[in-house]
Structures are given as structure tokens and as C-alpha cells.
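See structure below.
Residue numbering restarts at 1 for every chain, and letters A, B, ... go by the order of the sequence lines.
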Number of protein chains: 2
Amino acid sequence: MGHAVGEVARMSGQTVRTLHHYDRIGLLVPAERTPADHRSYSHQDLERLRQILTYRELGFALGQIATLLDDPTAHTRTHLARQHRLVTERIDRLREVAQALEHLMEAETMNLNLTPAERLELFGDFDVDAHSEEAHRRWGRTDAYAQSQGRVNAYTKADWGRVNAESEEIYQALARTMREGTPADNTEAMDLAERHRAHITRWFYDCTPQIHRGLGRMYADDERFTATVDAHAEGLSAYLREAFAANAARLRDDQG
Amino acid sequence: MGHAVGEVARMSGQTVRTLHHYDRIGLLVPAERTPADHRSYSHQDLERLRQILTYRELGFALGQIATLLDDPTAHTRTHLARQHRLVTERIDRLREVAQALEHLMEAETMNLNLTPAERLELFGDFDVDAHSEEAHRRWGRTDAYAQSQGRVNAYTKADWGRVNAESEEIYQALARTMREGTPADNTEAMDLAERHRAHITRWFYDCTPQIHRGLGRMYADDERFTATVDAHAEGLSAYLREAFAANAARLRDDQG
DNA sequence: CCTTGCCCCTGACGCGACGTCAGGACCCAG
DNA sequence: CTGGGTCCTGACGTCGCGTCAGGGGCAAGG
């Protein structure tokens, strides 16, 4: 009926030393000891461990976790509900980070000079500061790290030259169709939008139609980008916004 | 042209001590010192700090970050692209966590006895183990923690009794409509589905129509849930899946 | 009966990423 | 010339473990 420490370690993906530690600090004291003084974890202990790991994944200190879990008024469901809220909040935060990175990459390709404050914007905000830890093990193991390295193509300066030329060409083509009076939701304009999206996906990150539509909005709404884009042709940023949106809608309809 | 350490600390949301630390270990050495030996950070230093903070948010150890950033073949855009990939991967992982929590909450309300292995499933998988840290400061400050506490209603045992009675009632009602031959996409069935969704949102977490549709699939596909649901009436789980999906589709169409 | 393995135990020290004083310098304002 | 604010460099403390070191329990095999 009881589980040995090694067994629990394997099941939970923790080390034995970690479980020893949790025992010592009173965070997770196994229900029993065998005659040979071995730790014996009950099912309740395991559920408690799950709670601990979830809170830990969310970044709580072990002491905090202890007070949370030892609160007698808190039911298991209370914890689950709270954990769920925290996880979704964290996801929202990371989406902001992802968007900021997309923003920065665009600024990079456009040679925009963002001020330090603009670049650090994401971190300057109140609560942000520290998350992390995750990778002390995840990237600490050299093999996992090497794998991660391998997956990132090491672009050369020549590559980046080509990237810039390519994106420049796409902008020129879009500026032309705009000047010719082609509506933004015309196939020709949408195809160019799609080419732009493919360009980003190829060189930077997986740019979904949704993200791409967001990019278009940014071009039109963020004056720094508007200025750079409209340098190609007056009103191009608004045109891009429409073309990207039309293309995204087209792709969604194709999907069903 | 240079920024003082306190200034940088405020902009980036870090403490002065942290910047001292990064200087000492050579991770971020300010470009200059004033005659009074004060640190003076250049714009490049600030961009490097931004890179550092992003990698740190993703959980890299400072030593790893140093080797990443000092790789001469890596361009700024290479880092941005890699960071973007890492962030989206992390989001995917957290979505799994959120779904697992939804799963566990359902199991809880149905009084399902999941095995320890099933409960720990999420953590047993290879790479998972440690994330976290985030909250040493975020929840370490007592006020922020208190706020988080306040937002979670402390349900009593009586409350949970009512919750169970309520969900039982909804299931009964749905079983009735099913037995009467009402199709799952009928308004009556969809209204009951919506009541179920509201019930979850009220007591557990913000259950979006999409999540709710996922729940319906789980009822039908996971045999442990199927057994419990079908105990009310044979085939109810499949009926729920259809009703939840129909309701989700209805809500989406209402939105536009 | 004794050895070999394997898993378990308890210290005790080490480390990474800072926090927290302690003691002192600079510099402008009143 | 006395504050107040910001800066500096040690040096020690903390948290969440990792990593030995030294030893026990127990089944299988020689």
C-alpha cells in the first residue's frame, strides 16, 4: 500500500534527494516508515506531491506552498481552481512576451531604433521580473541543450542580407499593387501577403495567420512602424493591414 | 550617454544588487565607469540585458545565457527567433497543464478514483520536471499573495455539497431530454449544456465554450469518465459531447 | 555463511542566484 | 558643513536542492 521513495521519484520525475528535502522541511512527510526506517508514501501523500509540483511549476516558494496546502479551509478543488487560474494567467503573460518578441523582430528587420525603454518595456512592468528556473535541468543537461542548439539555424550575415532583400522586394510589390488601385482583398494582394507570411515563417518563427494579422495591425497602429512602412509608399501600412487580414480570413475559410 | 545602475534597475525591473551580480560574474559588464567608479551602461548593454532577461524568464541558468550570448555566430535575430520558439513551446506545455487540471477537477466532482500514476502523469513525462521560480518575488511579497488569496473564494463543505447537487441535477435533466429523444442540437439540450458550462465557470474556473467542448470529448473518449457519466443513462456521454459541441457552435455564431 | 547488488538511510558540504547589511565615498542643496 | 540620495565594495545569509561519504537491510548466488 505504501510507495518507496525511489518509486515515487520515478513516478513524479523528481530525484530522491528532492523528496528527502521535502521530508526534512516538513513539506511532504510520508505517512509511514517501514521497520527498516524506509519512507512509505500513501496515496494522499502522492496527491499532495502533485499539488506541490503544480504550485512549484507556477513558481511558488516551498514555504508558500506549505502554507497554501496546510490551510484547513482550502479544499482540493479550491487548489485546482486556483492553479488553473494561475496557469492561464501565466499563459497570457507568455503570449505578451511572444508578441513583444515578434514586435522586436519586426523592428530589427526594419532597422528601427527602439529606445532602451521601449525594448525593456516588457520587463519594466510591475509584476513581471522573475519567472524561470525551468531549465536548470531542462537546458542544464548538455544533450538537451545541444539539441536545442541544433534546431536553431545559424544564419550568417549573408543570409541576413538575403532576408532583407527578400522582404524589401515583397514590400515593393505590395506598394505597386496598392498604387495600381488593386483592392487589398484581391487575390494578387492576398498572395503577396501570404508570401510575406511565408517569409517570416521561413526565417524567423512560425507566423500563423492570426499572428500575421496582428502584425498588420501593428504596422498601422504603431507610429514607429507606420513611418518606416509608409516610407515605401504613403498609406502602405493601412493597405498591409487590410491585405494581411484578408489573407488570414481566406486561409481560415479554406480550412473550413 | 551612459545609464547609471539605479536607472537601469528601474527600467528593467531588476534590483541594483542583481546588476552588480551580473557584473561580477561577467554576464553583463557595463561599457564604462565614471571617474567616481560608477557603472555606466551603454545602449548595447541594455539590449544585452533584455536578451538576458528573456532567456532567464525561459529558465536558463546564467552561465548558459552567457555562452548563448557570447556565441559570435549568433545574431540578435537568431536569439529572437530562438526565444520566440521557446516561449511558444512553454505556452504549449502550460496548456497541457491547464487541461490536466480541468481533467482532475472533473474527476474530483465525479468522485473518480484516479490512480497515483494517472494523477502524476503530467510530471512523469521526460522533460517536464522543473519550471517555476517566477513567484519567489511575485508571491513572496505578502500583499500580492493576499490579493491572490482574496480572489479565490474559500468554499465550505456545504458549498461543495450544493455544487454536487447542482451538477447532479443538470445531468439528470440532460439524461431526461436524451431519453425523450430530443436531439443534442435542440435548443433545450443546448440550454442545459450552457447551464453546465455556467456551473463550471461559477464554481471552478472560466470554462470557455472551447474548453467545454473539450470536456464533452473527454466524457465520451476517456472510459473512466464515460463509465461515470453513462451510469446516469446509457449513451449519455456521447449525447453530452454533441450537446456541448452544438452549444459551443451556437455561441460562436452569436458572436459573429 | 559470506559476498555481491540494489535500494534505503542520515549527515555534511557545495552551489547558483541573488538578498541583506556594513562601512565608506561622492555630490548637490540648503 | 550638514543632510539626503546615489554610488561603491566586501561579507555573510538564504533557498532549493546536488553531490559525496559512510553505513544498513535484504535477496540471490557462490
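Considering CZ of A:Arg56 and CD1 of A:Ile65, their distance stands at 7.5 Å, rounded to 0.5 Å.
Considering only side-chain N and O atoms, A:Tyr22 lies nowhere under 4.0 angstrom from the phosphate OP1 or OP2 of D:dG16. Considering only side-chain N and O atoms, A:Arg39 lies under 4.0 angstrom from the phosphate OP1 or OP2 of C:dC9. Regarding contacts with the backbone of D:dC17, every side-chain N or O of A:His20 stays at 4.0 angstrom or more from both OP1 and OP2. Note on B:Arg33: a side-chain N or O is less than 4.0 Å away from OP1 or OP2 of D:dT9. Neither OP1 nor OP2 of C:dC18 sits under 4.0 Å from any side-chain N or O of B:Thr15.
Where A:Arg17 and B:Ala36 meet DNA chain D, the nucleotide closest to each residue was compared, and B:Ala36 sits on the side nearer the 5' end. The residue among B:Gly63 and B:Pro35 whose nearest nucleotide of DNA chain C lies closer to the 5′ end is B:Gly63.
Straight-line distance from the CD1 atom of B:Ile25 to the P atom of C:dG19: 13 Å, rounded to whole Å. To the nearest angstrom, C1' of D:dG5 lies 11 Å from NE2 of B:His38. Between the P atom of C:dC18 and the NE2 atom of B:His21 lies a distance of 6 Å, rounded to the nearest Å. Atom NE2 of A:His3 is separated from atom C1' of C:dC7 by 17 Å (rounded to the nearest Å). The CZ atom of B:Arg24 sits 14 Å away from the C1' atom of C:dG19 (whole-angstrom rounding). Remark: C1' of C:dC7 and CG of A:Leu19 are 14 Å apart, rounded to the nearest angstrom. Straight-line distance from the OH atom of A:Tyr41 to the P atom of C:dC8: 10 Å, rounded to whole Å. Protein atom CG of B:Asp37 is 13 Å distant from nucleotide atom P of D:dC7, rounded to whole Å.
Under the 30°/60° scheme for interplanar angles, the aromatic rings of A:Phe225 and A:Tyr219 are found to be tilted.
Using a 4.0 Å heavy-atom criterion, one finds that B:Val16 contacts no nucleic acid atom at all.
Other residues, nucleotides and ligands contribute only 12 or fewer heavy atoms inside 6.0 Å of the CD atom of A:Gln99.
The shortest distance between side-chain heavy atoms of B:Leu53 and B:Gln14 falls below 4.5 Å.
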Practice task
With ring-ring contact (aromatic ring centres under 6.0 Å, His included) as the test, would you mind laying out the steps for B:His84 and A:Tyr205 before giving the verdict?
Solution key: CA-CA 7 Å; B:His84 191 276; A:Tyr205 56 93; 4.1 Å; yes

